A.B. asks: 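Handing you a structure now.
These figures come from a predicted structure and were not determined experimentally. This chain uses plain numbering: 1 for the first residue, then up along the sequence. We count ligands from 1, going down the list as the structure has it; atoms in each ligand are counted the same way.
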Amino acid sequence: MKTLLLLLSLSIFLFASKNNIAPVDNVLYQKECGSCHFAYQPALLPKRSWEKTMETLQDHFKTDASLDEKDTQTLLEYLTKNAPTNLRSLSTSQTPLRISDTPYFKKEHRKIPTKFISQKELGSISNCVACHRTADKGIYSERAINIPNYGGWDD
Ligand code: HEC
Ligand code: HEC
């Protein structure tokens, strides 16, 4: 009986956490890469994307996000250590700099009307936390979505 209960709670736990992504646990990353926008979790892009991002920080989406050599190296290590070699939806020849350019992301967000995304409360689709209120915890489940001026999402 005890084993059964244990198995049951384990499967509930696995089910509930199936869409969770490991939260950011690096103070330097949170500080440097979370100052202009949400600190995107390393697992959202493959290693090669982060390598490219860290090599091009001087010209980062029309801004200069460059850091000194030491911090750049530290963050590159943190990112590549925690990122997958590839994403299921990507071919290995693709190296997107944007999470929002990946096929998986596009598929998940294709039903959202443009008028929700273009409102000033959001700025852009890259503003994950505006809708995914628990994004900082790595929880992107439907239940935790709350789109500004619209509310919850029921697919
Ligand atoms: C000086 C401000 C600034 C800093 C600092 C900064 N970024 Fe950005 N980042 C931007 C802007 C602007 C965009 C484009 C956002 C948009 O399109 O809404 C962006 C976009 C991104 C995106 C793409 C988001 C998407 O659409 O999927 C990633 C990934 C990213 N940044 C990673 C980083 C990392 C890693 C660091 C730290 C090394 C960092 N950023 C630091 C300004 C910054
Ligand atoms: C305009 C609000 C909005 C923004 C901004 C947004 N999302 Fe979403 N996201 C949604 C909606 C709505 C869904 C679809 C939920 C569904 O139908 O299951 C979704 C789905 C997802 C899913 C799949 C969740 C699951 O359980 O299947 C992930 C992962 C995700 N978003 C990550 C992100 C990331 C990372 C960002 C920022 C780069 C982001 N989202 C920006 C609204 C948003």
A.B. asks: Using heavy-atom distances, let me know which of I125, N20, L45 sits nearest atom 5 (C) of ligand 2.
C.D. replies: I125

A.B. asks: Which is closest to atom 31 (N) of ligand 2 by heavy-atom distance: H109, R98, H37, K107?
C.D. replies: H109

A.B. asks: Specify side chain, backbone, both or neither for Y140, according to which of its non-hydrogen atoms lie closer than 4.0 Å to ligand 2.
C.D. replies: both

A.B. asks: Counting N and O atoms only, with roles assigned by atom type, does the side chain of N82 sit under 3.5 Å from a partner on the main chain of Y78, one being a donor and the other an acceptor?
C.D. replies: yes

A.B. asks: State whether the shortest distance between N or O atoms of E142 and N or O atoms of ligand 2 falls below 3.5 angstrom.
C.D. replies: yes

A.B. asks: Quick one: do I117 and F61 end up in the same hydrophobic cluster if we chain Ile, Leu, Val, Met, Phe, Trp and Tyr together by side-chain heavy atoms under 4.5 Å apart?
C.D. replies: no

A.B. asks: Closer than 4.0 Å to some heavy atom of E32 - which atoms of ligand 1 meet that?
C.D. replies: 5 (C), 41 (C)

A.B. asks: Check whether L57 and F38 end up in the same hydrophobic cluster, where Ile, Leu, Val, Met, Phe, Trp and Tyr are linked by side-chain heavy atoms less than 4.5 Å apart.
C.D. replies: yes

A.B. asks: Quick check: is L45 connected to V24 through a chain of hydrophobic side chains (ILVMFWY, heavy atoms under 4.5 Å apart)?
C.D. replies: yes

A.B. asks: If we only consider heavy atoms of M54, is any one of them less than 4.0 Å away from an atom in ligand 1?
C.D. replies: yes

A.B. asks: For ligand 2, is F116 a contact, meaning one of its heavy atoms is under 4.0 Å away?
C.D. replies: no

A.B. asks: Y40 and L28: same hydrophobic cluster, using ILVMFWY side-chain contacts below 4.5 Å?
C.D. replies: yes

A.B. asks: Just which atoms of ligand 1 are under 4.0 Å from any heavy atom in Y40?
C.D. replies: 21 (C), 22 (C), 24 (C), 28 (C), 29 (C), 30 (C), 31 (N)

A.B. asks: Applying a heavy-atom cut-off of 4.0 Å, say which part of I145 lies close to ligand 2: side chain, backbone, both or neither.
C.D. replies: side chain

A.B. asks: Give me the residue, atom name and distance of the protein heavy atom closest to atom 38 (C) of ligand 1.
C.D. replies: C33 SG, 2.6 Å

A.B. asks: Distance to 0.1 Å, residue and atom name: give those for the protein heavy atom nearest to atom 25 (C) of ligand 1.
C.D. replies: S100 OG, 3.4 Å

A.B. asks: For residues A83 and P46, report the shortest heavy-atom separation together with the two atoms involved.
C.D. replies: CB-C, 4.2 Å

A.B. asks: Does ligand 1 have an atom under 4.0 Å from some heavy atom of L97?
C.D. replies: yes

A.B. asks: Tell me the contacting part of S124 for ligand 1: side chain, backbone, both, or neither, using a 4.0 Å heavy-atom threshold, strictly below.
C.D. replies: side chain

A.B. asks: Just which atoms of ligand 1 are under 4.0 Å from any heavy atom in C36?
C.D. replies: 1 (C), 2 (C), 3 (C), 4 (C), 5 (C), 42 (C), 43 (C)

A.B. asks: Within the distance-only criterion (no hydrogens, no angle test), does the side chain of E77 pair as donor or acceptor with the backbone N or O of T74 below 3.5 angstrom?
C.D. replies: no

A.B. asks: Where the side chain of R48 meets the backbone of Q94, is there a donor-acceptor pair that is under 3.5 Å apart?
C.D. replies: yes

A.B. asks: Which ligand 1 atoms are under 4.0 Å away from a heavy-atom of I99?
C.D. replies: 25 (C), 27 (O)

A.B. asks: Side chain or backbone of Y104 under 4.0 Å from ligand 2, or both, or neither, by non-hydrogen atoms?
C.D. replies: side chain

A.B. asks: When you look for heavy atoms under 4.0 Å from ligand 1, do you find them on the side chain of F105, its backbone, both, or neither?
C.D. replies: neither

A.B. asks: Under 2.8 Å from atom 8 (Fe) of ligand 2, can any N, O or S atom of C128 be found?
C.D. replies: no

A.B. asks: Determine yes or no for a side-chain-to-main-chain donor-acceptor pair under 3.5 angstrom, with R133 supplying the side chain and N146 the backbone.
C.D. replies: yes

A.B. asks: Is S35 close enough to touch ligand 1? Criterion: a residue heavy atom under 4.0 Å from a ligand atom.
C.D. replies: yes

A.B. asks: CD1/I139 to NE2/H132 distance, rounded to the nearest 0.5 angstrom?
C.D. replies: 12.0 Å

A.B. asks: As an exercise, state the distance from CD1 of I147 to CD of Q119, rounded to the nearest 0.5 Å.
C.D. replies: 8.5 Å

A.B. asks: Show the atoms of ligand 2 that are less than 4.0 angstrom away from any heavy atom in I112.
C.D. replies: 10 (C), 11 (C), 12 (C), 42 (C), 43 (C)

A.B. asks: Should the proximity of H132 to ligand 2, defined as any heavy atom under 4.0 Å, be assigned to the side chain, the backbone, both, or neither?
C.D. replies: side chain

A.B. asks: Would you mind listing which atoms of ligand 2 come within a distance below 4.0 Å of any non-hydrogen atom of L44?
C.D. replies: 35 (C)

A.B. asks: W50 and L97: same hydrophobic cluster, using ILVMFWY side-chain contacts below 4.5 Å?
C.D. replies: no

A.B. asks: Within the distance-only criterion (no hydrogens, no angle test), does the side chain of K47 pair as donor or acceptor with the backbone N or O of P84 below 3.5 angstrom?
C.D. replies: no

A.B. asks: Atom CD of E51 and atom OG1 of T56: how far apart are they, to the nearest 0.5 Å?
C.D. replies: 11.5 Å

A.B. asks: Pull out every atom of ligand 1 sitting under 4.0 Å from any heavy atom of W50, numbered as shown with elements.
C.D. replies: 29 (C), 35 (C)

A.B. asks: Would you say H60 has an N, O or S atom lying under 2.8 Å from atom 8 (Fe) of ligand 1?
C.D. replies: yes

A.B. asks: Between OH of Y140 and SG of C128, what distance do you get to the nearest 0.5 Å?
C.D. replies: 5.0 Å

A.B. asks: For atom 21 (C) of ligand 1, what's the nearest protein heavy atom and its distance?
C.D. replies: F61 CE1, 3.4 Å

A.B. asks: Can you name the atoms of ligand 2, numbered from 1 with element, that are less than 4.0 Å from a heavy atom of L122?
C.D. replies: 1 (C), 5 (C)

